[in-house]
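I have placed the structure first, in the form of structure tokens, so that the comments after it can refer back to it.
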2 protein chains.
Amino acid sequence: MVDALGTSIALHRLPEVLTAEPARLRALAHLLRFRREQDIYVQEERTDTWYRVVSGSACKYLMSTDGRRQLVDIYLPGDLFGFTARLHHRFAVQAVTDGTLIACYPRHRVEALAEEDAETALEIRIQIVEALERLQEQLLVTTTMTAQEKVREFLFYFHRRLSVATGHGLALPISRYDIADMLGISAETVCRAFRDLQERGVISLQGPRSIRINRM
Amino acid sequence: MVDALGTSIALHRLPEVLTAEPARLRALAHLLRFRREQDIYVQEERTDTWYRVVSGSACKYLMSTDGRRQLVDIYLPGDLFGFTARLHHRFAVQAVTDGTLIACYPRHRVEALAEEDAETALEIRIQIVEALERLQEQLLVTTTMTAQEKVREFLFYFHRRLSVATGHGLALPISRYDIADMLGISAETVCRAFRDLQERGVISLQGPRSIRINRM
DNA sequence: CGATTGATTGAATCGTTTCAAGTACCGTGG
DNA sequence: CCACGGTACTTGAAACGATTCAATCAATCG
């Protein structure tokens with residue numbers, strides 16, 4: 001049922017994501033590193049661990065019977081994931097970027113901590129609400145926009161969240177196929193949208209993965 | 001900015017939805033009744049109240065500049081809503097059914113209660129996670145299915161949640177337009193899907209709002 | 001009773017998918 | 001070093017599905 005898990009690792013200096021969280025929550029974490037497309041958890045796996053992206057990126061997805069893959073969320077550094085009201089996961093999560101670093105928290109210990117520590121409880125509630133709001137935005141995007149608008153919106157969102165300021169440049173950590181699965185359109189349509197956005201001067205491409213955002 | 005709120009009411013017998021919630025949470029509630037399409041809260045309103053559907057139904061939606069309306073969730077009896085990580089609401093919520101009964105909770109008092117009462121904190125967390133999971137399902141539906149499958153899925157979902165057993169019958173509390181806005185398709189397409197599903201024997205219609213589900 | 005709203009159907013149009021083909025890039029082994 | 005094979009990306013053309021626009025029907029309300 002379960003893939004081999006990522007490699008357990010220890011760090012000398014704590015990444016910013018972890019120093020920002022409540023100390024008592026941080027104490028519960030252990031770190032794992034994942035390769036590209038390696039599963040962090042899979043469908044039907046028991047929901048006994050929560051996770052947080054420390055570096056890299058991951059995506060929540062569902063594999064349909066006909067082999068199509070639908071992404072329902074992308075997790076970037078700081079995002080907490082893995083909570084559910086069920087006993088078993090309905091979706092799977094896998095690393096998008098190679099070398100993605102994940103903090104793992106035993107669910108029952110986090111929940112016990114949340115019962116007595118209001119700061120942790122609030123942190124969890126905020127993270128869940130933020131996942132909810134990301135999903136609402138994605139729903140809006142995927143149901144109301146044309147393909148070209150979807151891609152444009154996706155790029156701006158990514159740029160906003162990853163703007164660790166390499167000028168206006170953006171190094172996409174994600175393939176055309178991932179973007180397609182995220183937006184619910186075909187990879188070919190994503191390509192055409194990239195081309196059209198460039199022709200309209202909205203973005204500039206220096207190679208397929210290196211993008212410059214010119215204007216809103 | 002804010003519509004006239006619903007009518008404040010008092011009840012002799014508590015509805016089941018309210019007797020099921022933690023007593024200390026229930027003590028914070030006051031009840032309001034809303035007419036069809038009346039706003040419970042609107043975009044940009046301050047997020048200082050949480051709500052729960054006691055009876056009837058409500059929908060969360062966003063009005064786009066071109067006048068189109070996109071629903072992102074439907075709330076049925078028992079559902080808690082109104083929480084967000086923001087200061088102001090990004091979406092609005094309005095009653096779908098005429099006479100919808102809503103319990104209102106002052107946000108700061110609920111959050112204070114959650115800090116000291118683990119049962120309430122858990123109830124809130126579960127409700128938020130369930131909203132998240134509804135949204136994930138809706139995202140799957142709206143991005144991967146054909147119009148006919150979307151409508152079929154919507155009807156089955158509604159039937160599941162509202163099966164207070166009138167045989168296999170289902171009295172839709174929602175118009176073709178609402179369904180269209182929920183699924184991100186046009187109302188005409190919803191109509192055609194109803195017709196096709198009936199022709200294929202999946203459902204039977206006794207009038208536009210009265211539906212019988214025949215098989216999965 | 002006409003007026004309004006919701007539901008329904010048909011026909012032309014438009015956007016996206018699908019299928020097919022071709023290109024650019026990168027690491028590996030001869 | 002270059003040829004090879006694989007993967008990601010790109011483009012074109014036909015087919016398909018949903019939208020849009022227009023018209024009609026049914027039910028409800030003042």
Side-chain angles (χ1 to χ4, degrees), chain A residues 35-37 59 64 66-71 96-98 141-155 170-200 203-211, chain B residues 35-38 59 64 66-71 94 96-98 141-155 170-200 203-211:
Chain A
R35 298 185 310 273
R36 192 174 91 85
E37 291 193 352
C59 65
S64 56
D66 62 352
R68 292 173 56 101
R69 184 183 65 155
Q70 175 63 34
L71 307 196
V96 171
T97 313
D98 206 52
V141 167
T142 53
T143 54
T144 64
M145 293 182 176
T146 65
Q148 194 177 131
E149 290 169 328
K150 286 180 192 179
V151 171
R152 178 185 158 281
E153 197 57 34
F154 176 85
L155 291 177
L170 172 60
L172 275 187
I174 177 174
S175 75
R176 299 286 189 270
Y177 294 91
D178 292 331
I179 298 174
D181 290 344
M182 184 93 196
L183 299 174
I185 58 182
S186 72
E188 292 92 332
T189 302
V190 174
C191 270
R192 289 184 251 267
F194 268 95
R195 170 170 48 71
D196 296 345
L197 286 171
Q198 184 169 26
E199 279 174 6
R200 287 179 41 213
I203 59 172
S204 307
L205 294 167
Q206 292 95 29
R209 294 293 188 98
S210 176
I211 289 171
Chain B
R35 299 184 310 275
R36 192 173 91 85
E37 292 194 348
Q38 190 179 3
C59 64
S64 56
D66 62 352
R68 293 173 57 102
R69 184 182 64 155
Q70 174 63 35
L71 307 196
Q94 66 179 198
V96 171
T97 314
D98 207 51
V141 168
T142 52
T143 53
T144 64
M145 295 182 176
T146 65
Q148 195 177 131
E149 290 169 328
K150 286 180 192 179
V151 171
R152 177 185 159 282
E153 196 58 32
F154 176 85
L155 291 177
L170 172 62
L172 275 187
I174 177 175
S175 75
R176 299 287 188 268
Y177 295 91
D178 291 331
I179 298 175
D181 289 344
M182 185 93 196
L183 299 174
I185 57 182
S186 72
E188 293 92 332
T189 302
V190 174
C191 270
R192 289 183 250 266
F194 269 96
R195 168 169 50 70
D196 296 344
L197 287 170
Q198 184 168 26
E199 280 173 7
R200 287 179 39 213
I203 60 172
S204 306
L205 294 167
Q206 292 95 29
R209 295 294 186 98
S210 176
I211 289 172

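Fair warning: this is a prediction, and the values are worked out from it, not measured in the lab. Protein chains get the first letters and strands the later ones, always in sequence-line order, with residue 1 at the start of each.
You'll find the side chain of B:Phe154 stays beyond 4.5 Å of the side chain of B:Val190, heavy atoms only. Inter-residue side-chain proximity for B:Val151 and B:Ile185 is flagged as met; some heavy-atom pair is nearer than 4.5 Å.
Heavy atoms only, all atoms of each residue included: A:Glu153 and A:Val141 are closest at CG-CG2, 3.6 Å.
Rounded to 10 degrees, the angle between the two end axes of the helix from C:dC1-D:dG30 to C:dG30-D:dC1 is 30°, with five pairs used at each end.
For residues 187-197 of chain A, proximity to DNA chain D is found at A:Glu188, A:Cys191, A:Arg192, A:Arg195, defined as any non-hydrogen atom under 4.0 angstrom from a strand atom.
A:Arg152 meets the side-chain hydrogen bond (donor to acceptor under 3.5 Å, both in side chains) test with no other residue; sequence neighbours excluded. Residues passing the side-chain hydrogen bond (donor to acceptor under 3.5 Å, both in side chains) test with B:Gln148 are B:Arg200, sequence neighbours excluded. Every residue two or more places apart in sequence or in another chain was checked for a side-chain hydrogen bond (donor to acceptor under 3.5 Å, both in side chains) with B:Thr144, and none qualifies. By the side-chain hydrogen bond (donor to acceptor under 3.5 Å, both in side chains) test, B:Gln198 is found to be paired with no residue, residues two or more places apart in sequence or in another chain being considered. Take A:Phe194 and apply the ring pair (Phe, Tyr, Trp, His ring centres under 6.0 Å) test, not counting sequence neighbours, and it matches no residue. The side-chain contact (heavy atoms from CB on, under 4.5 Å) test applied to B:Glu188 returns B:Ser186, B:Arg192, not counting sequence neighbours. Listed by chain and number, the residues in a side-chain contact (heavy atoms from CB on, under 4.5 Å) with B:Arg209 are B:Leu172, B:Ser175 (sequence neighbours excluded). Partners of B:Ser210 by side-chain contact (heavy atoms from CB on, under 4.5 Å), not counting sequence neighbours, listed by chain and number: B:Gln206.
At whole-Å resolution of the value, CD1 in A:Ile185 and C1' in D:dG17 are 16 Å apart. Atoms CG (A:Leu205) and P (D:dT10) sit 7 Å apart, rounded to a whole Å. In this structure, the CD1 atom of A:Ile179 is 14 Å from the C1' atom of D:dT10, given to the nearest Å.
Between the side chain of A:Asp98 and the backbone N or O of A:Arg36 there is at least one donor-acceptor pair closer than 3.5 Å. With hydrogens and angles disregarded, no donor-acceptor distance shorter than 3.5 Å links the side chain of B:Gln38 to the backbone of B:Gln94.
A residue-by-residue look at A:Gly184 and A:Pro208 shows that A:Gly184 has its nearest nucleotide of DNA chain C further toward the 5' end.
For DNA chain C, the outermost nucleotides in 5' to 3' order that have an atom under 4.0 Å from a heavy atom of chain B are C:dG6 to C:dA11.
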What's touching nucleotides 6-8 of chain D from the protein side, N or O pairs under 3.5 Å?
residue: D:dA8; atom: OP1; partner: A:Arg36; partner atom: NH2; Å: 3.2

